[in-house]
Amino acid sequence: TNSNIDSLSDFNQILGEISFEKKDFPQALTFYLQLFELKLKKKLVDSPSLEEIYRAIATIYLKMNLFDYSLIYFHRLIDCQKKKYSNLNH
């Protein structure tokens, strides 16, 4: 159900943040990728709520020196922001 997905989302985000703070980037990445998958299950692919997830995943990949992957998620973040700001102008 949606409430279970919301609870799992919150859980993954909190654990991702904790792992990031502890500089356990592979574990943080796992939690944020799981969070992303949960958002996809809720059909939030183009949602501005994904900005934080894209930023986190891009930053984690950057910290792990995986620049190509980092760029993919930074581009997704930019696309998300473009959609958000273009909707404000219409």
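This one's a predicted model, so the numbers in the text were calculated from it and none came from an experiment. Side chains included, hydrogens not; waters and symmetry mates left out as well; all remaining heavy atoms used.
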Exercise. Measure the shortest side-chain to side-chain distance between Gln81 and Arg55 over non-hydrogen atoms and say whether it is less than 4.5 angstrom.
Key: yes
Quiz item: Is Leu40 reachable from Leu77 through a run of hydrophobic residues whose side-chain heavy atoms are each under 4.5 Å from the next?
Solution: yes
Quiz item: Taking all atoms of both residues into account, what is the closest heavy-atom pair of Gly16 and Ala28, and its distance?
Solution: O-CB, 3.6 Å
Quiz item: What is the distance from atom OH of Tyr32 to atom CD1 of Ile57, rounded to the nearest 0.5 Å?
Solution: 9.0 Å
Exercise. Grab the two heavy atoms, one from Ala58 and one from Ser70, that are nearest each other, plus how far apart they are.
Key: O-OG, 2.8 Å
Practice problem: Tell me, with the steps shown, if Lys63 and Lys23 meet side chain to side chain contact (heavy atoms under 4.5 Å, CB included). | Solution: CA-CA 9 Å; Lys63 296 278 188 184; Lys23 298 190 185 330; 5.9 Å; no
Quiz item: What about Ile78 and Ile53, same hydrophobic cluster or not, with Ile/Leu/Val/Met/Phe/Trp/Tyr joined at side-chain heavy-atom distances under 4.5 Å?
Solution: no
Quiz item: In Å, rounded to the nearest 0.5 Å, how long is the span from NE2 of His75 to CD1 of Ile72?
Solution: 8.5 Å
Quiz prompt | Interatomic spacing from CD in Gln34 to CD in Gln13 - rounded to 0.5 Å | solution = 13.0 Å
Quiz item: Is there side-chain contact between Gln27 and Lys22, with at least one heavy-atom pair below 4.5 Å?
Solution: no
Self-check item: Gap between atom CD of Glu17 and atom CD of Glu52 - 0.5 Å precision
Solution: 6.5 Å
Practice problem: May I ask you to check whether Phe67 and Tyr61 place their ring centers less than 6.0 Å from one another? | Solution: no
Quiz item: Considering residues, nucleotides and ligands other than Tyr69, do more than 12 of their heavy atoms fall under 6.0 Å from its OH?
Solution: no
Quiz item: Do Ile18 and Leu35 belong together in a cluster built from hydrophobic side chains that touch within less than 4.5 Å?
Solution: no
Self-check item: Nearest-0.5 Å distance, CG of residue Asn12 to CD of residue Glu37
Solution: 11.0 Å
Quiz item: Are Phe31 and Met64 connected in a single hydrophobic cluster, I mean Ile/Leu/Val/Met/Phe/Trp/Tyr linked by side-chain heavy atoms less than 4.5 Å apart?
Solution: no
Quiz item: Between Tyr54 and Phe36, how do the two ring planes meet: parallel, tilted or perpendicular, split at 30° and 60°?
Solution: tilted
Exercise. Answer yes or no: is there a side-chain heavy-atom contact under 4.5 Å between Phe20 and Thr59?
Key: yes
Quiz prompt | Shortest non-hydrogen contact from Ile60 toward Phe25 | solution = CG2-O, 3.5 Å
Quiz item: Do Leu15 and Phe11 have side chains that get closer than 4.5 Å, going by heavy atoms?
Solution: yes
Exercise. Decide whether Leu38 and Ile14 are clustered together by the hydrophobic rule: side chain heavy atoms of Ile, Leu, Val, Met, Phe, Trp, Tyr closer than 4.5 Å, transitively.
Key: no
